Every structure is written in C-alpha cells, then in structure tokens.
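Computed from a prediction, not measured in an experiment: that's the story for all the values here. Basis for what follows: all heavy atoms, side chains included, without hydrogens, waters or symmetry-related copies. Convention: sequence-line order gives letters A, B, ...; per-chain numbering from 1.
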There are 4 protein chains.
Amino acid sequence: MNEARALLVIGAGDATGGAIARRFAREGYIACVTRRTADKLAPLVQQIHDEGGQAHGFGSDARKEEDMVALVAKIEREIAPIEVAVFNIGANVRFGITETTSRVYTKVWEMACFGGFLMGREVARAMLPRGRGTIIFTGATASLRGGVGFAAFAGAKHALRALAQSMARELWPQGIHVAHTVIDGAIDTEFIRSHFPDRYALKERQGILSPDHIAEAYWQIHRQPRDAWTHETELRPWIESW
Amino acid sequence: MNEARALLVIGAGDATGGAIARRFAREGYIACVTRRTADKLAPLVQQIHDEGGQAHGFGSDARKEEDMVALVAKIEREIAPIEVAVFNIGANVRFGITETTSRVYTKVWEMACFGGFLMGREVARAMLPRGRGTIIFTGATASLRGGVGFAAFAGAKHALRALAQSMARELWPQGIHVAHTVIDGAIDTEFIRSHFPDRYALKERQGILSPDHIAEAYWQIHRQPRDAWTHETELRPWIESW
Amino acid sequence: MNEARALLVIGAGDATGGAIARRFAREGYIACVTRRTADKLAPLVQQIHDEGGQAHGFGSDARKEEDMVALVAKIEREIAPIEVAVFNIGANVRFGITETTSRVYTKVWEMACFGGFLMGREVARAMLPRGRGTIIFTGATASLRGGVGFAAFAGAKHALRALAQSMARELWPQGIHVAHTVIDGAIDTEFIRSHFPDRYALKERQGILSPDHIAEAYWQIHRQPRDAWTHETELRPWIESW
Amino acid sequence: MNEARALLVIGAGDATGGAIARRFAREGYIACVTRRTADKLAPLVQQIHDEGGQAHGFGSDARKEEDMVALVAKIEREIAPIEVAVFNIGANVRFGITETTSRVYTKVWEMACFGGFLMGREVARAMLPRGRGTIIFTGATASLRGGVGFAAFAGAKHALRALAQSMARELWPQGIHVAHTVIDGAIDTEFIRSHFPDRYALKERQGILSPDHIAEAYWQIHRQPRDAWTHETELRPWIESW
C-alpha cells in the first residue's frame, strides 16, 4: 500500500478482535481498535507496535450513536481512511424464555446488533464516496438457529445477519464488500479456558478455533477480487458436530 | 369447548389481525384484540359480536413491558385463560443504509420484535402451568432475507423468527405449540389498495392474500394434533414470484 | 364435488400413503393407489370401500417411464381426471460413504427421486390443460440436511425437493399447486414398531407421527385457496428435537 | 512440500477446472486432470509444463464406476497420493418440466451428481488411511434453489450438495476436509463469450467470475488449518443480484 489505510475493529476485547488487528497490521494497515474502556487495549496496541505495526486504542461504547459517529470521524480525519471495518462484539447469554428479562433482551440486542448497525452505517458513509472498502460482521451458530435459551442472543445475531445481507445487496454494487462470518465452535480464549476446561482440552487436537486462523480468514475475505466475493463464511473445527 | 378460552391478538389494527380474531371467535374463542388506541377497535369488536362471537378491545402499547404484563394478567384473571396468542405487528419501512436513522432502526425493532418478545414471554408464563396453548408470530419475506433498504425491518423480522425458534425448541416439549408464519406477498388491505393500486388490481385473480385465508391457515396451525406440529408456514399467492 | 375426481398416490405401501388415500376418499375423491405389486393393495382398497369410498389399486413400478405414462393415461381415460397426486416413496438406507455401492446410490435415487420426476411430469401434462390440480411430494429431514451415512438418501431427497421447487415456480402461475412436505420424526408404522421399539413406545405420548394426521395436513394443503398457498410444510412431533 | 502430492480435477474441460489445476501446480502439486477425451487436455497439460509445473491428462468418463476406480488407483500407484480432489462437472440445461425427457433428467444427474459420488467415494478410500486430504465439489446457484426450467440441473446440484454435506459430517473428524462451493454468476468462459455476449461485456467491470479467482478460493479452502475449516463457500461478482 502506498497510502495509509486504517482497519477499524469494534470490540477488540477478546482474542479474536486482537488477532484480526494484528493480522491486518502485519499487512500495513493502521489498526484502530476499540473496547468500552481504552486502558485495557494497551497490551494489544503495544504488541502490534512490537511486531512493527501501527495501532491506536479507543475507549468507545459501540451502543452510543454519538460515540460511533465521533470515532469514525476522528479516524478518518486524523489517522487514515478506513479501508476495512470489523464488528466483533458478542453478548452470549443463555436464559430460558420466562427467565429472560426485558433488560437482558434489550442489552444483548444493543451490544450485538445495534452497535453493528451504527458501525456499518458510519463506515458506509465514509467508504461510499471512495467506492471501496470491506465491512465484516462476526456471526455465530446463533446467527442461523434459535436454540433453547438463546432467544436474546440468537435474536441479536439473526438481526445482525439481516443487516449484513441488506448492506451487502445495497453496497456491493457500489464497490463495498460487506461480509458475514459464522463462527461455529469454541474459540481459544481465556473465557473458554477458565469456564469450559473440557472444551479447552480439545485445543491439543486443534478442536477449538484459533483466533489467528479466524483472522487469516478475515484477511482472505478482504483480499478477494470483486468478481469473486464471498458474503457468508462459516468457520468450524474439524471435530465439531453440526 | 366446554370452558371459556381466550385468543389474544397483539396488533389487530390491520385486516389480518381482525380476520384472525373473527376466525377464532367463530370457533368459540373470546377474542381479545389490541392496538395502540382502543377506540379504533370498536368496529372489529362490534363485527365479532354481530357474528355471534365474543370480543374485547384493549388499547395497549406492545413495546411497554408494564402494559403487556398488565394486559395478559387482566385477560387471564377477568376473561379466560389465553389458549392462543398471535403477534401480528409489522413495521415495514424502507430506507437505504445511510438514510436509516438510529431512531427508525430502534423503533422498528421495538415494534416488530421486542413487543413479540414481551407477548411471547408473558403468555408462556401463563400457559406453562397448564401445559398447553398456541403462540403464533407473524413473519414476512424479510424474516428470511435482508433485501436492499430493509436493514431495519429485516433485522426485526429475523430476530422475531429467532425468538419463535428458541421458544419452540424450549416450549414444544412442554406442550406449547409455538409457530411462525412467512407471509410472502401483498395482503388485501386498505394500505395496499390506496398505495399500490397496480398490485391491488391483482385481487381480481386472487393475486394478493386474503386476510380470511391467512386466518384460516392460523386456525389450521392451532388445531394440529401434537404429534404433527408445524413450526414455520409460508403463505404466498399463486402468481407471486419467489 | 359434482364431477368425479381422482387422487393418485404413488407408493401406498406404507401407512402414510394409505392414510392419505383414505382421507381424500372420505371427501369423495376416487383413490388410485400404487405399489410395486398390486395384490398387497387389496386390504387398503377394501378398507376404503368399507368406509364408503372408491378406490383402485395398481401394481406399477414408479421407476419405469412406460409404467408411469400408462398409469396416468389409464386413470385419466378410464377413471377420472387426476386432481391430486402424491409421491410418497421413501428409500431410507444408511451406509458410510466408502460402503455405499454405486448400485445402492443409483437405486435410492431411482426410487425416491426419479419416480417423483416421472409422476410429476406426467400429472403436470394432464393437469396443465385444465389449469388446476395439486401435486405433493413427501420429503423428510434428509431433504434439508445431509447427515452421516445418508449420502444416497439425502441426495435423492434433496433432488426431489429441487424438483418440487422447480415445478412450483413453473406451475403455480398456471394454476397447479405443487407442494413439498418435510416429515421430521418417526411415523407410526409397522416398520418402526418392529425395528425401533423404544421409539415406538413414544406413541403413548404422541411422540411419533400419526399417518392420519399427516394425511390431514395433506388435505389442508390441497384445500388452500390459491391466494394463500404453502409450498413447504414441515411436520414434527412436539417432543422431537430439531 | 517434501513429498510428491497429486491434485485430481474431474472435469477440467472448462476454464475453471484448468485454472484450478494451474493454481495447485504452481504450489507443487502434480495436476491430474480429466475430461471425457484425453486429447483435448493437451493444451492445459502443456501450459502447466510451460509454467514449470507437472501435469497429466486422462480421458475418463466420470459416470463410469470402472473408469473412476481405475483412474484413482492409477494415480495413487503411479503418480502420487491424491491430496486434493475437485469435482467440477456441470451439466446446465434448461427445459420446462413437461419438455424434460427422462433421458435428459438421468444424464444430468449422472454427470453432475453420480460422477461426484464416484469420485468422492474413491478418493475417500485412498485418503482415509492417511487421515488427510481435501475434497471440493463445485456447486452453483441451482445447488440451493430450484428455478423454473431447472428441475434436472437443480436436482443434480442439490444431490451433489447433500453428498458433500454427508461426506463432510462423516470425514471431517477423520481428517479429510470436504467442501462445497456455490458459484453464483457467469464465469469468464468461451461458452459465455459466444452465447451471452451482453453478459460477457460485464467482464470489463469485473462483472463475471474469473476462473483464476475461483481457483484462488479453492486454494485458500485447501490451506485452511483444521481448527477453522469452511464447508460451503459462495463466490459471486460484486454486481450480481441475489
């Protein structure tokens, strides 16, 4: 790349968002990573710097319109045009329907869907005049299936998938590659390690998803030439049942 | 039926909700119909009375938890156990992604999805101790496909479908038949008649959906024996392309 | 019905085909039922007569073009116009991929798919000049999902579903209601009773599908008015997981 | 790669099969390409040699079991272990249902599906003892949707997709990556150039799929690490409507 280009990752709090940032930084993108509180991003930003890349951390609440508008504007104005944007916020909770409070139902939608809408719209506004860019929304099994106890989570994920589709059908012909992933399996994260040790033990045989390999898939989506774009990509460990 | 049983229709403001209420009233159900302002329900309630049925109209905002909780409690306490509940609120708007305000995006979700969650949860709470009941969510083409301009509407409808699936997988084995419909085509309503006269002209050849025939399909879903339940039912005019 | 009308059921060897024949016979249709050897149809034909209906049994190999052509022609000429046709042949076998012989793979396709094509085409030819009729193809879980060991069966069922869709999109606008069912669960048959007694024991709690209730669903599909047709109908016991 | 490894492409008669062969040959795979008559493969084999790769052409009828068995055995014995196998035979014909002869219906299935079964089974037999390998089946829009006039083609493609799913669910946990692609759009081939010149004109704006880019996607599927495998990959030009 001759000119500076930015990657935006909304929700770089977990292993996946961080791995995506590092993967694109390695290719020369300036990684702009967010989570609700900026200070927790310092290790990731440092790591990218150590690997020879550029990165900036932003504390930003993805559910707040004014935050998202300001964030995108600031990156575009002060750092570089956003060439790639990734929405990576999950909110995986599980409650039976009668135990699901309206507060939980709403919060999950705000985090896992409404934030995606705000990011998608704001980066689309920035990318459209340039006629280029890639927008990727991270989905899950619950994007395709409403399982027992997942009314809130699957609802948000289904809605995010609908957003990705609507945006793809509108923006692809304007040069913007909108994509959606379906991550179907446990990811190698601290959360899985501490809460699901049996699951985590599958790591030895590559039975849980490596964040680096997810990041590689995102990179491959981004570099597809426009005559052969993929909208939806599923990623699943070889021993996962489906 | 020996004992009094109630049908609840959330969103009986259009032709479809009214037709469903009349269909079930004809079978002896006490039709409890809602829309935001009660007075507009008077003609429907009168019509059901004229046809020999029983009906009650309620002004109720489906997006307000306290309204929904009070409504279900009142019907259960003062009228009859709710045997069937239908969520029938649409919110079909169309905007390009960059023209979709966060207000529109949120309102559409509140009306077309969050209200469904509130109804679903409240009637599930009432039905579960009885181990019986039918809950039907009205969907649309946008429940399955995110088309251009429909990020908000398809998002809400996808999420409602996820809710229906999650509830079905949890509640079927407890005796409650949760179903989802996909209405794929224009319905014979005043809205279509005045806004899409070309479309409405297809009525002559049965090219738009009759609310009475939709209502009949809902009735058939309800009367299925539990060894052969349908979760999702699509309804589409013969000349509709799909 | 003022005029004589025929129902054709290809594959009335099992409980489901027989129940469909009896259901439509009760409504006045002349049931024309087939299986490979005619003599085994005698009890079904007798039962329909005993219930006051009309029925004819035909020995016919659904995989043989000349048989199917002759059968449809004979019914149309000697009995009555075919108003409804049901393809109901299964061929559920299970083999790992390396154990699947080309003979099995081909036979399953011939029985569960090619026979459906022959029936579909022949009855379409008869129905098209009349601009009316109903054609229903019986599907299964394997119509939607290729499970372990079901390469042959799921292949045939997927292909049958594609046939149903292609025919529906072509023939609906010409007045012919083409539909597809997805029967997801064990059916109350002699086969399940003797081979899967644990499964069969669920019958007490309505945990397996009653052929009569499947037949009722087929009848309801047939009687839908053309402004509100269903293409695909799933039927599943309340306690089935999916 | 330290050891010799073979790529098998069944159906290298068109641009796509050839591009896949060249892509993998560039990475050191010995490309074994087939079509019904071997002599037409000479230019492709020559081109791969000219590009510094290794290739062998085989005349082989994919629909004949003895041919497929012999072909796989010969490559395994005389050339190298088959590490990757691609089934790439299409048979896109379009006929209304009443104009579809049983000969066409059967031939299309034999070419586009049965050949895939034979290849899949034979290479699975070779790969299983090694616990590794990649098998890719080329699909199309018709793999997912039965359009008007495509009863035969969509039937074969749906069945091929079922095969891919069944094999994936059985073979992934044994180390073999079975994948399916959905190519949704016109490909830059001589056929499109001469028969659909308007469509072909879209090439200037990258509106039709480049075989090289399809080949790149196949390569990326193959190189995925096993903790993050994709089963189904759709590829579609940016201006294609869907």
Side-chain angles (χ1 to χ4, degrees), chain B residues 16 19 131-134 144 165 168-188 202-242, chain C residues 16 19 131-134 144 165 168-188 202-242:
Chain B
T16 308
R132 56 181 292 167
T134 299
L144 300 173
Q165 276 189 21
R169 290 193 168 98
E170 180 177 349
L171 302 180
W172 277 30
Q174 299 184 72
I176 299 171
H177 186 181
V178 182
H180 180 253
T181 60
V182 177
I183 312 294
D184 183 18
I187 304 178
D188 179 359
L202 299 175
K203 183 180 174 179
E204 278 178 40
R205 355 175 8 217
Q206 295 87 48
I208 60 176
L209 290 129
S210 148
D212 287 339
H213 296 160
I214 296 175
E216 176 65 22
Y218 280 50
W219 172 250
Q220 295 300 334
I221 291 168
H222 172 57
R223 61 185 287 276
Q224 289 182 319
R226 68 183 185 177
D227 63 278
W229 275 354
T230 296
H231 175 61
E232 192 158 86
T233 298
E234 48 174 348
L235 295 172
R236 181 184 294 122
W238 65 306
I239 55 173
E240 188 78 21
S241 66
W242 50 291
Chain C
T16 308
R132 57 180 293 167
T134 299
L144 300 175
Q165 274 189 23
R169 290 193 168 98
E170 181 177 348
L171 303 180
W172 277 29
Q174 299 183 72
I176 299 170
H177 186 181
V178 182
H180 180 252
T181 60
V182 176
I183 312 294
D184 183 17
I187 304 177
D188 178 0
L202 298 175
K203 183 180 174 178
E204 277 179 42
R205 4 180 353 224
Q206 296 86 49
I208 59 175
L209 290 128
S210 147
D212 287 340
H213 296 161
I214 297 175
E216 177 64 22
Y218 279 51
W219 172 249
Q220 294 300 335
I221 291 168
H222 172 57
R223 62 185 286 277
Q224 288 182 319
R226 67 183 185 177
D227 64 277
W229 276 353
T230 296
H231 175 61
E232 192 158 86
T233 298
E234 48 175 349
L235 295 172
R236 181 184 293 123
W238 64 305
I239 54 172
E240 187 79 21
S241 67
W242 50 292

Among C:Arg236, C:His213, C:Gln206, which residue satisfies the side chain to side chain donor-acceptor pair (under 3.5 Å) criterion with B:Asp227?
C:His213
Knowing that exactly one of C:Thr230, C:Thr233, C:Thr181 qualifies, which makes a side chain to side chain contact (heavy atoms under 4.5 Å, CB included) with B:Thr230?
C:Thr233
Nearest-0.5 Å distance that lies between atom CH2 in B:Trp229 and atom CG in C:Asp184:
14.5 Å
Proximal component of C:Gln220, with respect to chain B [non-hydrogen, under 4.5 Å]:
side chain
Out of C:Ala168, C:Ser241, C:Ser210, return the one with the most heavy atom pairs under 4.5 angstrom to chain B.
C:Ser210
Region of C:Leu209 in contact with chain B, defined by heavy-atom distances below 4.5 Å:
both
So B:His231 and C:Trp242, would you call those rings parallel, tilted or perpendicular, with 30° and 60° as cut-offs?
tilted
Would you give the length of the straight line joining atom CZ of C:Arg205 to atom CZ of B:Arg226, rounded to the nearest 0.5 angstrom?
7.5 Å
Can you say whether C:Glu216 sits under 4.5 Å from chain B via the side chain, the backbone, both, or neither, judging by heavy atoms?
side chain
